[in-house]
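Notes follow the structure.
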Amino acid sequence: MDKKTTGIFVIILALVFVGFGDKFLPKPLSTASYNTRTTLNNSLLGIFPSKKPRNPYERTEKAIEQEEKGGK
């Protein structure tokens, strides 16, 4: 096997280990696979900030509240 084929084989094995290892591997390896996947998921989710959904009617609701209070 040349280096390119070996590299592709190692990447495929790593993806299978992380993605499906906890379903068919024995206990210590299945736990390691699950923990690795959980850590990767949390790391990737931590990269992106949580975005609070914007209320498109916020300006209108504030204007209505101001009117109900009696003006500006």
Side-chain angles (χ1 to χ4, degrees):
M1 261 199 251
D2 60 341
K3 289 183 180 184
K4 184 176 180 181
T5 306
T6 305
I8 292 172
F9 186 67
V10 168
I11 290 172
I12 291 172
L13 280 178
L15 289 174
V16 169
F17 175 76
V18 171
F20 306 105
D22 60 325
K23 297 188 179 24
F24 65 88
L25 290 173
K27 189 64 170 170
L29 291 176
S30 67
T31 305
S33 172
Y34 176 77
N35 290 340
T36 304
R37 184 174 61 245
T38 304
T39 303
L40 286 173
N41 284 341
N42 290 336
S43 298
L44 290 175
L45 288 176
I47 292 174
F48 303 104
S50 59
K51 191 172 183 180
K52 183 179 170 185
R54 186 175 168 267
N55 182 2
Y57 306 111
E58 182 178 0
R59 198 176 92 204
T60 305
E61 290 170 352
K62 285 182 180 179
I64 291 172
E65 287 175 8
Q66 286 290 336
E67 283 297 317
E68 289 175 351
K69 288 181 181 178
K72 296 182 179 183

Any donor-acceptor N/O pair, Thr36 side chain to Ala32 backbone, under 3.5 Å: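 Answer holds: yes.
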Spacing of Asn35 atom CG and Leu40 atom CG [to the nearest 0.5 Å]: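 Asn35 CG to Leu40 CG: 11.0 Å, rounded to 0.5 Å.
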Validation: residues 14-27 side-chain donor-acceptor distances under 3.5 Å, sequence neighbours left out:
unit_1: Asp22; atom_1: OD1; unit_2: Arg37; atom_2: NH1; d: 3.2
unit_1: Asp22; atom_1: OD2; unit_2: Arg37; atom_2: NH2; d: 2.9

Any residue meeting side chain to side chain donor-acceptor pair (under 3.5 Å) with Thr5, in chain and number order, not counting sequence neighbours: Asp2
Working for side-chain contact (heavy atoms from CB on, under 4.5 Å), residues Ser43 and Thr39: CA-CA 6 Å; Ser43 298; Thr39 303; 4.2 Å; yes
Name the atoms and distances for all side-chain donor-acceptor pairs under 3.5 Å in residues 49-58, with sequence neighbours left out.
unit_1: Asn55; atom_1: OD1; unit_2: Tyr57; atom_2: N; d: 3.1
unit_1: Asn55; atom_1: ND2; unit_2: Glu61; atom_2: OE1; d: 3.3
unit_1: Glu58; atom_1: OE2; unit_2: Lys62; atom_2: NZ; d: 3.4

